[in-house]
J.: 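If you scroll down you'll find the structure; I have some questions about it.
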Amino acid sequence: QVQLVESGGGSVQAGGSLRLSCAASGFASTKYCMGWFRQAPGKGREGVAAMSTGSTGLINIYYADSVKGRFTVSQDNAKNTLFLQMNSLKPEDTAMYYCAASAVGSRCSGAYWDKPGLFGYWGQGTQVTVSS
């Protein structure tokens, strides 16, 4: 049974940091494109970052322009866990954050990494609130 469980959300002031975790079970996350998405109230779900580790060790990483330089995605293969380190948080980062796995391919692609419709497995989400 495929399961993704996010944790690490919370409330911080602008400029603060949070580290989100996504524990995967029922499959090897290294064989999927793993992504972080977020959804603010009244808005659509948007891609934040995605990462894949190919069988050859080639790592593909993508970030939304709005988070480049502030967020870092990483993966602990031994623990089958995906992370999102978020620094210099802004009020506009406030949203529910979701972890997802794509069955489209084992390697993230610029063509689909930020398209939620192409990710088949989702966690329940963790809330991030940034106050000014």
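Note: hydrogens, waters and symmetry copies are ignored here, and every other heavy atom, side chains too, is used. These numbers were taken from a predicted model, which means no experiment stands behind them.
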J.: Take atom NZ of K31 as the centre, draw a 6.0 Å sphere, and report whether it contains more than 12 heavy atoms from other residues, nucleotides or ligands.
T.: no

J.: Is there a path of hydrophobic side-chain contacts, each under 4.5 Å between heavy atoms of I/L/V/M/F/W/Y residues, joining V128 to M96?
T.: no

J.: Indicate if V2 and Y32 have the same hydrophobic cluster label, given that clusters are the connected sets of ILVMFWY residues with side-chain heavy-atom separations under 4.5 angstrom.
T.: yes

J.: Evaluate the side-chain proximity of F119 to Y98: yes if any heavy-atom separation is below 4.5 Å, no if none is.
T.: no

J.: Hey, is the main chain of E6 close enough, under 3.5 Å, to the side chain of Q124 for a donor-acceptor pair?
T.: yes

J.: Under 4.5 Å between side-chain heavy atoms, counting indirect links through other Ile/Leu/Val/Met/Phe/Trp/Tyr residues: same cluster for F83 and V5 or not?
T.: no

J.: Do you reckon V48 sits in the same ILVMFWY cluster as V73, going by side-chain contacts under 4.5 Å, direct or chained?
T.: yes

J.: Going by heavy atoms in the side chains, are V67 and R38 under 4.5 Å from each other?
T.: yes

J.: What closest approach, in Å, do P91 and A14 show between heavy atoms, and which atom pair accounts for it?
T.: CD-CB, 4.1 Å

J.: Salt bridge check, D93 against K90: does any charged N sit closer than 4.0 Å to a carboxylate O?
T.: no

J.: What's the spacing between Q127 CD and Q39 CD if we round to 0.5 Å?
T.: 11.0 Å

J.: Taking the side chain as every heavy atom from C-beta outward, state whether Y112 and C33 have any pair of such atoms under 4.5 Å apart.
T.: yes

J.: Between S52 and C108 (side chain of the first, backbone of the second, donor and acceptor by atom type, cut-off under 3.5 Å), is there such a pair?
T.: yes

J.: Please name the pair of heavy atoms, one in R70 and one in L89, separated by the smallest distance, quoted to 0.1 Å.
T.: NH1-CA, 3.9 Å

J.: For the residue pair L82 and W36, establish whether any side-chain heavy-atom pair is separated by less than 4.5 Å.
T.: yes

J.: Kindly say whether T72 contributes a backbone atom to a donor-acceptor pair with the side chain of Q85 at under 3.5 angstrom?
T.: no

J.: Which value, rounded to the nearest 0.5 Å, describes the distance between Q75 atom CD and T30 atom OG1?
T.: 6.5 Å

J.: According to a 4.5 Å side-chain heavy-atom criterion applied to Ile, Leu, Val, Met, Phe, Trp and Tyr, with indirect links allowed, do L84 and M51 form part of one hydrophobic cluster?
T.: yes

J.: Starting at CE of M34, measure out to SG of C99 and round the result to the nearest 0.5 Å.
T.: 4.0 Å

J.: Just checking F27: does its CZ atom have more than 12 heavy atoms from other residues, nucleotides or ligands closer to it than 6.0 angstrom?
T.: yes

J.: Decide yes or no for W113 and I61: does some side-chain heavy atom of the first lie under 4.5 Å from some side-chain heavy atom of the second?
T.: no

J.: Side-chain contact, heavy-atom cut-off 4.5 Å: L18 with F71?
T.: no

J.: For Y62 and D114: C-alpha separation, side-chain torsions, deciding distance, then whether side chain to side chain contact (heavy atoms under 4.5 Å, CB included) applies.
T.: CA-CA 9 Å; Y62 296 89; D114 58 347; over 6 Å; no

J.: For T94 and V130, indicate whether the former's side chain and the latter's backbone hold a donor-acceptor pair under 3.5 Å.
T.: yes

J.: Using every non-hydrogen atom in the two residues, find where L4 and C22 come nearest and quote the distance to one decimal.
T.: CD2-SG, 3.9 Å

J.: Would you check if there is a donor-acceptor pair between the side chains of N80 and S29 at a distance under 3.5 Å?
T.: yes

J.: Indicate yes or no for a side-chain donor-acceptor contact from S102 to the backbone of L118 under 3.5 Å, with no hydrogens or angles considered.
T.: yes

